[in-house]
Amino acid sequence: ALDVPVAMSSLVQIPLIQATIKPDQKVGILTANGTALSTELLCNCGVTRIDNLVVKGAQDTKEFSAVVDNRGNFNNAVAREEIVGLAKDMMSENPDIGAILLECSDMPPYAAYIQEAVQSPIFDFITLIKWLHNATMQKPYSGWM
């Protein structure tokens with residue numbers, strides 16, 4: 001409906017992530033509520049391969065679950081540690097994960113902390129926004145050819 005690319009979910013990055021990691025690697029997905037991430041939703045986001053996806057939800061955490069429970073606020077430092085801990089647990093349980101996607105729009109502030117902890121590429125809606133923005137706002141090249 002618009003004259004620019006539009007994406008309504010960070011999940012649309014999954015096929016690109018799958019194409020850029022090793023064929024035998026998995027994509028880890030951190031989400032606020034793992035039970036809400038359905039095959040239908042993934043399909044609607046263009047995901048055709050689901051056998052290499054590992055989903056870990058934060059719905060059972062003490063602080064970050066405020067996002068799911070609509071509690072209105074939470075201790076950000078504690079929530080950050082919970083999310084980083086979930087990422088570390090996911091990588092420990094699945095050492096063949098090649099990249100992590102943060103599905104929840106409340107998780108990008110933790111992306112750098114997660115990356116530092118797990119030493120893996122981290123994708124979120126910010127990476128998606130930057131990708132789409134760069135495609136629509138190219139800058140003249142300056143550099144060596």
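The figures here come from the full heavy-atom set of this structure, side chains too, leaving out hydrogens, waters and symmetry mates. Just so you know, residue 1 is the first one in the sequence shown, and it goes up from there.
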Closest heavy-atom pair and its distance - L41, A36: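 Smallest heavy-atom distance, with atoms named: CD2-O, 4.4 Å.
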
Is there any ring pair (Phe, Tyr, Trp, His ring centres under 6.0 Å) pair reaching into [range], and which pairs are they, with sequence neighbours excluded?
range	result
residues 71-115	F64-F74
residues 22-44	none
residues 25-62	none

Under 3.5 Å: donor-acceptor pair, side chain of D124, backbone of T127: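 Pair found, side chain donor or acceptor close to backbone of T127.
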
E82 side chain vs E63 backbone, donor-acceptor pair below 3.5 Å: yes

Return the set of residues passing salt bridge (charged side-chain N to carboxylate O under 4.0 Å, His left out) with [X] (not counting sequence neighbours), or none when no residue passes.
X	answer
D106	none
D51	R49
D69	R71

Those residues that, when tested against K88, pass side chain to side chain contact (heavy atoms under 4.5 Å, CB included) (two or more places apart): V84, A117, V118

Contacts of E116 that satisfy side chain to side chain contact (heavy atoms under 4.5 Å, CB included) - sequence neighbours left out: none

Can you name the side chain to side chain donor-acceptor pair (under 3.5 Å) partners of [X], sequence neighbours left out?
X	value
N73	none
Q18	N52
N94	none
Q115	none

